[in-house]
Every structure is written in C-alpha cells, then in structure tokens.
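Everything below concerns the one structure shown next.
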Protein chains: 2
Amino acid sequence: MKRSMQTKRTTIYDLAELAGTSASAVSAVLNGNWKKRRISSQLAEKITLLAEKQGYALNMQASVLRRERSKIIGMIVPKYDNRYFGSIVERFEAMARDRGLFPIVTCTRRDPALEVDAARAMLSYQVDCLIATGATDPDRIVDLCSAAGVRTVNLDLPGSRAPSVISDNYGGALELTRRVLSNSEKKFGEMTPLLFVGGRGSDHNTSERVRGFRAAHAAAGVKVDERLILTCGYAPEKSEQAMKQLAETGESLPRGMFVNSTISLEGVMRWLRGSGHYADRIPLLGCFDWDPFVAMLGDHIEMVRQDVPTMLDAVFEIIDSGASDVKTVHVPPIIVEPV
Amino acid sequence: MKRSMQTKRTTIYDLAELAGTSASAVSAVLNGNWKKRRISSQLAEKITLLAEKQGYALNMQASVLRRERSKIIGMIVPKYDNRYFGSIVERFEAMARDRGLFPIVTCTRRDPALEVDAARAMLSYQVDCLIATGATDPDRIVDLCSAAGVRTVNLDLPGSRAPSVISDNYGGALELTRRVLSNSEKKFGEMTPLLFVGGRGSDHNTSERVRGFRAAHAAAGVKVDERLILTCGYAPEKSEQAMKQLAETGESLPRGMFVNSTISLEGVMRWLRGSGHYADRIPLLGCFDWDPFVAMLGDHIEMVRQDVPTMLDAVFEIIDSGASDVKTVHVPPIIVEPV
DNA sequence: CAATTCTGCTTCATCGATTGAGCACGCTTG
DNA sequence: CAAGCGTGCTCAATCGATGAAGCAGAATTG
C-alpha cells in the first residue's frame, strides 16, 4: 500500500523471508498445491495473508518458464471493425478465462505478413494453442505452430492442416439469395439476376457463398449474370469502387444484391447514396453478416448472422478434447427475420 | 521443417552445440548486439543461418524474466461492439508494434471486478505500461499498477492519479446539442427541450456531456426538462427500457434526442421501431459517437466522432516521453457533417 | 622483445517459480 | 525399543536468455 518508489516487485523469496520459511513453501501455498506438499494450514494462512498485505503478484514469466504448459491461448483476428469479429473476440476471451487460460488476441488487418509475424510472436510467448481467425493463409500459420508443437484451430476460414470451424457458407448464401430473389418477385413481379459484391474470390468462404448464390438462382430458374459477380475484396473502398465501375458500364443495374459482409455493405451504401442511381430507392439487399443498424436501414434487408456462440463452442470442444484430426465443422448461420 | 513430433523447442543451447560455440554467443548474435560483444561476423552469420534452418524462436518468457523491461504493453477496453473501441484497439496495436512493443488487450465488459482481475493478470505478465480504457474505476487500477512500479495512462475516462486522454466531452456535447436544437427549429419552427439518453450518470464523460447539453439549451434560451435526462447505462437494453418507461408516463415525447453512444442508440432505435411512437418518423437525433450505418439511417442524424488517432497520439506521447504528471488531455471530437 | 592493447570468444551468476528428493522429528507398531 | 511411517518442512536443480567479468591468443607499440 505504501510503496510509492520504484520498488522491486515482491517475490516469493521476499515473502519467505518475512514469513521465516522457504521459497518453496511459499510457492506451494500460493499456487494451491500446498495440500499435496503437506504444508500446514497455519503456515498456508500466514503466507496467504502476507502475500495479500505485500501486494504480491506472481511473475508469470518465471512461472511459465518453469512449467511445461503456459496456459496462454492466442488468437489472431483480421479486424475489429464489425460485430462479427468483435463478438468472436469477446466471447473467446470469456471462454478462455472460464477455463483458466490467459487469452491474447491480436489484429492482423488482413495482412498476410502481419499474420505470420503475429503467429511468430505468439509462439515466442509460448502459447499452448493458437486460433487463426479469418487468416489469409491458415496453413502457413499451422506449419509454424506445429513446428513448435503448438496446436492450432482455424476459425471462420478453413485450412487443410488443422481442424477448422466455419459457417455453413453455402447453406447460408443459398437461403439468403433465395430470400432476396423472392423479395424481388414480390416487389417487381419477376426475378432477375442479382449482384454479388464483396469478398475475395480466392477465399473459401467467398467461393462457397458464390456457389450458394448460383444454386439459388438455378433453383429459381434465373440465369446468373457473370458480369454481376464482383469479388473485389472486403474493404468498403473496394466495394464502392466496384459499384462505381459497374455503373459506368451503362448497363441497367440489378434490382437486388447479395453483399458479402457488413464491411463491404458500407462501401455499397456509400455508393448508393453518393451516386444518383436507384434514385433514393434502396435496392433489395441481402447481407452475409449482421449489424443492428443495418437491420434498420431500410425495408427488407435480409441478413444472415453467423452463429458465433456455437462456433466458439465448437472451437473449445476441439481444444478441450485434444482432438487434432483435420476436420471442418460447419455451423449453420442464423437467418435474421427482417423487422 | 521436418519436425513433426512433440519436439522440444530449439533453444540457444541447441544452436550453440550445433554451431560449436557457446550459448552466450548465440544469444548475442540473435538479439542483435553481437557487434558490442565482439562476435565475428562469420560466427554471426553461421548462427543466424542455423537458427533459421532450425526454426528457432526466442523464448520470450525466459528473455523477459532476465531483462528489466518486458516491452509488453497492456490495454483494457470495455467492449468490442462498436467502432469507437474497435478503432482504439486496432490503432493501439499498430502503434505499439511500431515501437517494438508487444500489445496485449483484454476486454472487461464494463465489469469493475473483471477490470481489476485483468489489470492484475497484466501485472503478472510484467507489462511495462498499462492503458486503462473506459475503466469504471481507473484509480483502483492505477493504484494496483503503481504498487508494482508500472505506469498507467487512462483513456476515454479520466482518473485522478495518472495522466488521462479523453475527448472534449463538454465541447462535443455542446455543439451536438446546438445542432439538434437548430434542426428542430428548422423543422418545427421552434425549439423544445431535448431528451438525453444513455450513459452512466456517475461517469465523468456522461456528466460532462450533460453539462454541454444544458449549456446548449441555455444558450438557445430553452429550459432543460429534468425528466428527460435518462442516464440509464450504456447497454441497448437499458436505453430501450428507459424509452419505454418514458413513453408510459403519457407525456408528449420530445422532438429531438441526444443519444450518448451508438450502443445506446441501438436500444433507442429498437424502441422507436417497436413502439408505434413517432409513427415511423424518426425524431431528430444526435449521437455522441460515430458509426457508418447510423449515418445512413435517416435524414439529419447528427454525430460527433471521437478523434481516435489524435487521442492515441497523445497516449503514446505521454508514454514515449515518460511523463507521469497527472494531467488530462482533452481531444476535440470531430463533428460529422450529415450526408 | 617485453609490455600493452585488441579481438573473439567462454564462464558463470542471475532473473523467479516449480518440484523431486530428502531430512528431522514425533508417533505407532510388533 | 528398534523399525517403520507420517508430517511438515527445506534444498537444490531446473526452465532459457542475458551480460558482466575474464581469459587466451594475436597484433601493436615503445
């Protein structure tokens, strides 16, 4: 309480001296296995009180160095700018803590080099396990980790060398597309091909969603217009640019759109409001991802919300069970009923 | 590359043996001060190559244990569910990395007990410095840290025992209120008292914003209606509930509202759409905080966007300069021009 | 050519916590 | 009463990286 200067932190040796006992007794008491080590409850209590009074804090570096498992669990995540990743991180931290693990999370801004650097850094900090969320190149990370004997789980985007937990992108996209097409029929009396915008053509989720998009068109007997598939990247600037270019072709614009993330939707909406197209009438929209304000934007914005709690349950089940067979768990996303 | 079993990680001792040299030489080479330690560049190169080939990764726990500074910088943050905190974390991580620091961030869900636990955990991990963002009780955290000789900076919410960086809440609120009142005059030909909803009455930011809210009313010659100040907490459920209760009083509802965060706005909007009030006509709104989709919600939603880059510049200036005088830096927020 | 300096390393203690091994004492048992 | 056991602790090695101190041998100097 009264230590204001640059006091060296209190260690178990300090406590041992104060208590007139040995450091190993102090250690045993403070990490809870004093029963096993046959320390008397009197000594235990004395030490506990002293530690509290002195404001003792365990030095994790020393502890981890000595132990074989660090109980540190790492996660890398692309961005913090949307509800999906935000809730993943929030829930991940809570679940990790519930298990007595220390979570460390880092954001890699969809930058492959940063992803690798971050993974390396986490390995240096001796994480017991790493969750690679939405990684550009999950297998690269898995390789790094397995060289160090560290387990990995891929989340959101699958890899081929570690268990993965992802949304059922195909199923979600199929249903989302179906709904937008159906809205289109209700509103215009006919179904015309939709626009697909956002995401990277090379990533698994996007290609699965495109597959669902196509399947829904096929089921409705609508031919997909290939020029309307714009997998331009996730960033708002990218989708805004893609819309602008599309409009410049002079062709008539689609009546409905499948937007591949809220973050891409941000760019699309910017373009919609900035350009005079659609004359203030928002087209029929479907968005793969959920945001509370998007839900309020206009009428009939269909959304598919990825089921984060279930996904993280699956992740921790893999971790807790110690399974490491390369399987992909597909979690059905939640179809949000428009308000 | 070819280590697939549970191989013990490579250490500097392994490398030393392979290179036919000593561990200290390896250490010196790998941490870059081999020039100072007069290691020949031939040996240096040999060791570097070996390390690479063996996939050597530094054991940070051991390294930090030995060194006096850990180069780990911690941040606690209340939530990841809005753009404000999301961008704080994202930028914090980037700036920390630029300085060669390792950022660890943890989310405390506005729970005072979790805040303290998280701070303790970070101290155990030997953070050199801790940034307490939006902490319920910053002084408590500062006390914990200073007992361990760890510097602290308060962000978003100020404390009395460490430097703080916060928005100019009074100024921002004054201008935001002024604008909503002015819109009210344009639309209805008169100014009537606005509603203030969201935030905790006990927190500094909220009380400063209420002060700005009052000052703007006073300047416009409008009397504040005390029953319309609802500092019910930040969570959407809280603000939704508060609106419901207000409506149940049967009094006529205000024509404009000052909403104290996007997250509170979420609840307000839910109520607006759920209840029949305002008959689908969104009232004049001002929101202290920014979100791209909120900007698109309706006409004339005024927003004040906290200036995260400038705030974090200020935080790192304090950290870099080593200053620890208890000063509060007020960063003017950005008035967002409605689209 | 002896004395000094410089070069290029190695040795060893250290950081703080953990844990197997072991020690001293008192109590039981045959 | 000796042998055996249980209790309550201490000792010392260890985890991996770091860096002050030191030590050979080569190069330079007076």
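Quick note on labels: first sequence line is chain A, next is B, and so on, each numbered from 1.
Within the structure, every side-chain polar atom (N or O) of Y56(B) is placed at least 4.0 Å from both OP1 and OP2 of dG16(D). Between T11(B) and dG16(D), a side-chain N or O to OP1/OP2 separation shorter than 4.0 Å is absent. Considering only side-chain N and O atoms, S24(A) lies nowhere under 4.0 angstrom from the phosphate OP1 or OP2 of dA12(D). Between N31(A) and the phosphate of dT18(C), there is a side-chain N or O to OP1/OP2 separation shorter than 4.0 Å. The phosphate of dT18(C) has OP1 or OP2 within less than 4.0 Å of a side-chain N or O from S63(A).
Under 3.5 Å, the side chain of R67(A) and the base of dT19(C) form no donor-acceptor pair of N or O atoms. Between the side chain of R66(B) and the base of dT14(C), a donor-acceptor pair under 3.5 Å is found.
Taking 4.5 Å as the limit, some side-chain heavy atom of M95(A) sits within range of a side-chain heavy atom of D313(A).
Computed from coordinates, the N33(A) CG to dT18(C) P distance equals 8 Å when rounded to whole Å. dC11(D) atom C1' lies 11 Å from atom CZ of R37(A), rounded to whole Å. Atom CD in Q126(B) sits roughly 16 Å away from atom P in dT18(D) (whole-Å rounding). For the pair I47(A) CD1 and dG8(D) C1', the interatomic distance rounds to 12 Å; values are reported in whole Å. Rounded to whole Å, atom P of dT10(C) lies 15 Å from atom CH2 of W34(B). The CZ atom of R9(B) sits 21 Å away from the P atom of dT14(D) (whole-angstrom rounding). Rounded to whole Å, atom C1' of dT18(C) lies 9 Å from atom OH of Y13(A). Atoms CZ (R38(B)) and C1' (dA27(D)) sit 14 Å apart, rounded to a whole Å.
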Margin query: For a side chain to side chain contact (heavy atoms under 4.5 Å, CB included) check, start with the C-alpha distance between D14(A) and Q54(A), then their side-chain angles and the critical distance, and finish with the verdict.
Written below: CA-CA 10 Å; D14(A) 302 331; Q54(A) 297 293 315; over 6 Å; no
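Closest to the N59(B) side chain, of the nucleotides dA17(C), dC9(D), dA17(D), is dA17(D).
L30(B) comes within 4.0 angstrom of nothing in the nucleic acid, heavy atoms only. When heavy atoms are screened at a 4.0 angstrom cut-off, S27(A) is found touching base atoms of the nucleic acid.
The cationic group of R97(A) does not satisfy the cation-pi geometry with F102(A), failing either the under 6.0 Å distance to the six-membered ring centre or the 45° limit from the ring axis. Cation-pi geometry between R99(A) and F316(A) is met: the NZ or CZ atom falls under 6.0 Å from the ring centre, inside 45° of the normal.
Heavy-atom distances to DNA chain C give each of S40(B) and L65(B) a nearest nucleotide, and the one nearer the 5′ end belongs to S40(B).
Counting all heavy atoms, side chain and backbone alike, F92(B) lies closest to L312(B) at N-CD1, 3.6 Å.
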